[in-house]
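Everything on this sheet refers to the single structure shown next.
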Number of protein chains: 2
Amino acid sequence: MPNTATARAPERDLRNQILDTALQLFSRNGYFNTSVHDIRRAAGVSIGAIYHHFPSKEAVAAALYHDLVERMDRVMVDIVAAHRSAHDRCRAVVAALFELAETQPEMMSFILNAKHREFMPDATPICSSRPFERMLDMVREGIASGEIRQMEALVAAPSLFGGPLRLLQLRLDGILTVPLPSVLDTAWECAWRAVANP
Amino acid sequence: MPNTATARAPERDLRNQILDTALQLFSRNGYFNTSVHDIRRAAGVSIGAIYHHFPSKEAVAAALYHDLVERMDRVMVDIVAAHRSAHDRCRAVVAALFELAETQPEMMSFILNAKHREFMPDATPICSSRPFERMLDMVREGIASGEIRQMEALVAAPSLFGGPLRLLQLRLDGILTVPLPSVLDTAWECAWRAVANP
DNA sequence: GTCTATATTCGGATAGAC
DNA sequence: GTCTATCCGAATATAGAC
């Protein structure tokens with residue numbers, strides 16, 4: 001039955017097309033300022049198609065959130081595999097975040113700005129998600145190895161990543177007009193000095 | 001005419017009562033998850049009273065935003081007047097923010113979390129507001145005086161305040177369970193090391 | 001100036017054809 | 001599986017009494 005093969009590809013394409021469009025609109029206008037009809041129009045699909053693939057508008061946002069967090073997590077896993085020291089791992093994280101913010105600003109905007117508690121039933125703070133947990137683990141190991149000064153990991157982690165993340169926000173908001181990678185060295189030097197063992 | 005005196009006080013009370021209630025609901029449930037009827041019920045006033053004092057729900061949020069930014073700005077002005085060096089000023093800012101986050105978490109949550117672009121016509125990024133401009137100015141002066149290392153002020157400022165702000169966020173989200181002032185010394189040491197001239 | 005009741009718009013979700 | 005047309009509830013804002 002060739003129809004299954006021919007049907008499956010567009011089916012998946014359609015779902016991704018809906019998700020891609022929703023990401024753009026959500027990150028640009030916000031979840032509540034985006035109606036399902038807006039998604040329908042921008043994606044060039046029908047309402048029925050959206051409600052065939054997702055049970056509700058909320059589910060679209062939830063699926064999007066899930067996918068993006070998973071992608072972020074894969075980035076973290078790759079970094080842990082590629083580097084050994086806490087210093088190198090954390091620097092790679094900042095570099096990757098900066099790179100992603102330039103190449104996929106909608107994704108970063110959605111993950112960082114979206115208040116998921118506002119449109120998702122299970123109030124999952126973004127900082128409790130797995131990629132952020134992995135960043136916290138990197139810091140913990142850095143403290144254990146002596147690379148990072150002795151202190152609460154819950155204080156060290158935001159002290160290390162808070163600056164770069166804030167900078168990223170400024171970039172997404174259009175306040176910072178130069179590409180993030182061009183300030184990576186300076187930003188990282190500041191971030192690392194904040195917690196490094198002298 | 002005594003009625004003007006007796007009427008003016010409750011009139012102003014009512015407006016403030018609406019704003020206080022709106023702040024609580026907005027910061028707890030978000031702007032879009034809060035209906036005017038919710039405000040009406042929680043504030044114990046009528047719909048008519050709300051629409052007498054404000055032309056729209058959006059205007060309630062805008063007035064709230066304006067008031068809170070103004071209060072933040074007064075805090076900054078006082079700090080600038082009370083301290084001389086960039087180090088002391090910036091530390092006082094972080095201390096004040098930590099203190100405010102404990103005593104008035106709704107206010108801080110609204111200012112930091114609310115995506116004002118989503119419900120305010122004039123898309124004013126929070127970082128362009130005057131209190132944040134003043135923080136940037138403190139950093140600029142620190143760079144000029146040599147207290148802070150030579151670098152772009154737009155990189156130094158988030159590097160300095162990003163950590164504390166991130167920590168503040170963790171506290172508001174309930175991830176950090178200890179009061180912020182108890183970690184002020186550690187957090188500030190990290191923040192200042194990030195940018196300080198050695 | 002404050003209230004109640006109501007109008008109008010709008011968006012999420014469904015039904016049923018194809 | 002995808003579409004069009006439609007329903008229903010909710011939320012903002014208004015009208016008009018007191």
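As the structure is a computational prediction, the values presented were derived from the model and not from experiment. Labels below follow one simple rule: chain letters A, B, ... track the order of the sequence lines, proteins then strands, and each chain is numbered from 1.
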Apply side chain to side chain donor-acceptor pair (under 3.5 Å) to A:D20 and list each qualifying residue two or more places apart in sequence or on a separate chain.
-> none

To the nearest angstrom, how far is A:R41 atom CZ from D:dT4 atom P?
-> 13 Å

Of all residues at least two apart in sequence or in a different chain, which pass the ring pair (Phe, Tyr, Trp, His ring centres under 6.0 Å) check with B:F54?
-> none

Indicate whether OP1 or OP2 belonging to C:dT2 is found under 4.0 Å from a side-chain N or O atom of B:H53.
-> yes

Only counting residues at least two apart or in another chain, list the ones meeting side-chain contact (heavy atoms from CB on, under 4.5 Å) with B:D173.
-> A:R117, B:Q169, B:I175

Using the test ring pair (Phe, Tyr, Trp, His ring centres under 6.0 Å), find all partners of A:Y51 that sit at least two apart in sequence or belong to another chain.
-> none

Send over the distance from B:H52 NE2 to C:dC3 P, rounded to a whole Å.
-> 11 Å

Starting from C1' on C:dA13, measure out to CZ on A:R40 and report it in whole angstrom.
-> 15 Å

Ordered by number, residues from residues 24-35 of chain B within less than 4.0 Å of DNA chain D (heavy atoms) are B:T34, B:S35

For B:T186, the side chain to side chain donor-acceptor pair (under 3.5 Å) test, sequence neighbours excluded, returns none

Rounded distance in Å - CZ (B:F119) to P (D:dA11) = 18 Å

Can you tell me how far P of C:dT14 sits from CZ of A:F54, to the nearest Å?
-> 15 Å

Reading nucleotides 13-18 of chain D from the 5' end, what letters show protein touch, with B for base, S for backbone sugar-phosphate only, - for no heavy atom under 4.0 Å?
-> BB----

Cluster check A:V77, A:M72: I/L/V/M/F/W/Y, side chain < 4.5 angstrom = no

Could you list the residues that satisfy salt bridge (Lys or Arg N to Asp or Glu O under 4.0 Å) with B:D137, not counting sequence neighbours?
-> B:R140

Output side-chain donor-acceptor pairs under 3.5 Å for residues 78-87 of chain A, partner residues at least two apart or in another chain, one line each.
{"unit_1": "A:S85", "atom_1": "OG", "unit_2": "A:D88", "atom_2": "N", "d": "3.1"}
{"unit_1": "A:S85", "atom_1": "OG", "unit_2": "A:D88", "atom_2": "OD2", "d": "3.4"}
{"unit_1": "A:H87", "atom_1": "NE2", "unit_2": "A:W188", "atom_2": "NE1", "d": "3.4"}

Whole-Å gap separating C1' (C:dT14) and CD1 (A:I50) | 14 Å

Could you label the plane-to-plane angle of the B:Y65 and B:H116 rings as parallel, tilted or perpendicular, counting under 30° as parallel and over 60° as perpendicular?
-> tilted

Between C1' of D:dT2 and CZ of A:R15, the distance in whole Å = 17 Å

